[in-house]
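First comes the structure, then the notes that go with it.
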Protein chains: 2
Amino acid sequence: MTAIQGARERARREVTAAIKEEARRRLAAEGAAKLSLRAVARELGMVSSALYRYFPSRDDLLTALIVDAYDAVGEAAEAALTAVPDDAPPADRWTAVCLAVRAWALAHPHEYALIHGTPVPGYAAPRDTVGPGTRVPLALAAVAQRARLSGLLGEPAGDPPPGPVRAEAEELAAEHAPGLPGPVMAALVASWAQLIGLVGFEVFGQFNGVVVAARTEFFTHTVRRMAGDVGLR
Amino acid sequence: MTAIQGARERARREVTAAIKEEARRRLAAEGAAKLSLRAVARELGMVSSALYRYFPSRDDLLTALIVDAYDAVGEAAEAALTAVPDDAPPADRWTAVCLAVRAWALAHPHEYALIHGTPVPGYAAPRDTVGPGTRVPLALAAVAQRARLSGLLGEPAGDPPPGPVRAEAEELAAEHAPGLPGPVMAALVASWAQLIGLVGFEVFGQFNGVVVAARTEFFTHTVRRMAGDVGLR
DNA sequence: CAATAATGAGAGCAGTGCTCTTGTTCTTCT
DNA sequence: AGAAGAACAAGAGCACTGCTCTCATTATTG
C-alpha cells in the first residue's frame, strides 16, 4: 500500500521540493520582490497553472520558504551550540551562536531578508512561522540556562526591570526557559532583537561607509559585550 | 522670470508632492509590495504614462519615499532631543530619542519598513539614502557628546574593543562626532543597530506572543540599559 | 473493471511597469 | 509679436504577472 500509494505521494514530495529549490535559486538571484511563479514553473518545464496544485498562491510559496529559512538559521544556531563544549565559558558559547546566525545570514542574504526583513505578502507574518522562529532565541536561552547550572550566570547589567516587565519575563521564562530569573529573561529577549538588528545592518548594507574594515571583529566584540550584559560570566 | 518660469515649476512641484502623498497613502494601506504606479495615477485622475514625467520608474518613486521617511524619523529624533533640556541626565536624553524613533515607527509602520526592512528594489539601498539615513545615529551621538562635556560620559561596559575596531571607531568619531573616544563610538554604532532591531521587532510583529503587555516599559527599560552600556551616566 | 480523485495543459482575465507616438500647452529667444 | 523649443498629457501597445477556469490524462481506490 505504501509502495503504490507512495508513488504519487513521493512524486508530489519531489515536485514540491523541486519547486522550493528553484524558488530559492531565483530568490537568491533576484530577491523576493521579483520572485515569480511563472518563472519558477518555466524553469521547471511545467506550466504555471500546474504549480497551483502544489502551492495555492505565491504567498504560500513564500511562506514555505520562510519556514524553511527559519529552520535553517535555527539549525545553524543549534549546530554551533553543540559544536562548542558544554563546559566552555558561557560567553564563548553565546558568541558561537551569534556568529553562526551572522554567518548563515551573510551566506543567504535574501532568505534572511525573507524572515527578518519586511513581511512581504500582506503585512503580518503568517502564523505558521512562529514555531520555527523560536529556535534561535531558544538557543540563546539554552546558553543562559547552562550557565546558571554552572553558577556562571550573574545579574544583568543596569537597573532591574520594572514590575510589569519582570512579571512578563518570568512568565515567559517559566514556559520556555525554566529556571531563568525574570531580569535575565528580559535581557535575553532584548539581546535577541539586538542581535537581529546587528546582523540585519550588516546584511542589508546599512553599515556601508560606517563599519567597513573590521566587521567580524566589531560583531564579535559587540556580541561579547552583550553576553556580559545579559549576565553571562 | 521667477514668476513665469515659476508657474510651471510650481505646478511640477505640486504634482510631484501630490504623487508622493498619494503613494504614501497607498503605502500605508497596502504596503510597499503592492504599491502600483497605475493605482496612484488613477487615484490622482491622471493617466499612468504621465506619471513617468515625474518619476522615471517605480523604484525611483520608492526611493523618494525612502528619503522622505529617513528625514521624517531623523526629524522626530532631533525634535525629541531638543525637547528635553540640554542639562538633563544623558540617559533621559538618550531614552527620549529612542522613544521618538519607536513612536514614529509605530505610527508609520510601512514607511519604517521601507527604510529598515528589506531593500525593495534590487538589493542594495540606493546611494541617495545614505545622507538622510544618518540623522538618527547622529542624534544618539549628540547625546554622548553633550554628556562628555558635562563629565557624564564614562567607559562603555565590557571589555575594551580590539585594536582594529577601536581604530575604525576613532576614525568614525573624528569625522562625525569629534571628541568621542573610540570605545564609546563603537558602542554607539552597536547601540544604533540594536535600537533598530528592537524597534523592528515590535513594528514587524516579531514580539507577538513574547512581549505582549508591557511593551513600552520593556522598550524603555532596555533602552535605558543600553544608555548605561554606552557609558552614559 | 468502473468510479474517483489527483494532476497537467491551455486559454483567458485583470492587472502591472514601461515605452512610444501624437497632439497640446506653456516658455523662451529672436 | 511671432516662431522655435521644451514640457506635458493622453492613448495605444508590449511583455509580463497572479490566478481561475475548463478539459483531457493519469493514477488510485472501490
Side-chain angles (χ1 to χ4, degrees), chain A residues 1-20 22-23 25-27 29-66 114 119-123 126, chain B residues 1-20 22-23 25-27 29-66 114 119-123 126:
Chain A
M1 161 185 149
T2 29
I4 316 178
Q5 185 184 53
R8 215 170 218 181
E9 206 143 310
R10 213 181 61 184
R12 184 175 183 83
R13 243 192 291 276
E14 276 174 16
V15 174
T16 306
I19 292 173
K20 289 205 286 187
E22 178 61 34
R25 219 191 318 275
R26 300 203 63 85
L27 186 69
E30 318 200 55
K34 301 198 173 174
L35 176 67
S36 125
L37 276 189
R38 294 182 108 114
V40 170
R42 204 179 306 132
E43 212 73 20
L44 255 52
M46 55 197 324
V47 83
S48 72
S49 60
L51 219 145
Y52 284 81
R53 303 278 178 194
Y54 299 88
F55 294 94
S57 80
R58 194 194 98 118
D59 287 359
D60 288 272
L61 210 201
L62 276 178
T63 302
L65 295 182
I66 291 177
L114 216 50
V120 190
Y123 175 58
Chain B
M1 162 187 153
T2 30
I4 314 179
Q5 186 182 54
R8 216 171 216 177
E9 205 143 309
R10 212 181 61 183
R12 185 176 181 84
R13 244 191 290 274
E14 275 174 17
V15 175
T16 305
I19 292 174
K20 287 205 288 188
E22 178 60 36
R25 218 190 319 275
R26 301 202 64 85
L27 185 69
E30 319 201 53
K34 301 196 174 177
L35 177 66
S36 126
L37 275 189
R38 292 180 109 114
V40 170
R42 205 180 305 131
E43 211 73 20
L44 257 51
M46 56 196 324
V47 84
S48 73
S49 59
L51 220 147
Y52 284 80
R53 302 270 172 195
Y54 299 88
F55 295 94
S57 83
R58 194 192 100 117
D59 287 359
D60 288 273
L61 212 202
L62 276 178
T63 301
L65 294 182
I66 291 176
L114 215 51
V120 190
Y123 175 59

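In what follows, chains are A, B, ... by sequence order, proteins preceding strands, each numbered from 1.
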For the student: nearest non-hydrogen atoms of A:R12 and A:R53, plus distance: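 Reported closest heavy-atom pair: NH2-O, 2.8 Å.
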
Sugar-phosphate only, base, or nothing, as touched by B:Y54 at under 4.0 Å among non-hydrogen atoms: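 Since only primed, P, OP1 and OP2 atoms lie under 4.0 Å of B:Y54, the category is sugar-phosphate.
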
Atom-to-atom span, [atom1] of [X] to [atom2] of [N] - whole angstrom:
X     : N      : atom1 : atom2 : value
A:E9  : C:dT7  : CD    : C1'   : 14 Å
A:I19 : C:dT7  : CD1   : C1'   : 12 Å
A:R10 : D:dT28 : CZ    : P     : 11 Å
B:L44 : D:dA10 : CG    : P     : 11 Å
A:E14 : C:dT7  : CD    : C1'   : 15 Å
A:K34 : D:dA15 : NZ    : P     : 18 Å
B:M46 : D:dC8  : CE    : C1'   : 9 Å
B:L51 : D:dA10 : CG    : C1'   : 13 Å

Per-nucleotide protein contact string for nucleotides 14-20 of chain C (B base, S sugar-phosphate only, - none; heavy atom under 4.0 Å): --BBBB-

How many angstroms lie between [atom1] in [X] and [atom2] in [Y], if you round to the nearest 0.5 Å?
X     : Y     : atom1 : atom2 : result
A:L51 : A:S57 : CG    : OG    : 11.0 Å
A:L35 : A:L27 : CG    : CG    : 6.0 Å
A:E14 : A:T16 : CD    : OG1   : 10.0 Å
A:S36 : A:R26 : OG    : CZ    : 6.5 Å

Base D:dT26 paired with A:R8 side chain (donor-acceptor, <3.5 Å):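 Such a pair exists between side chain and base.
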
Carboxylate-amine/guanidinium proximity below 4.0 Å for A:R25 and A:E22: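 Looking at A:R25 and A:E22, the cut-off is met.
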
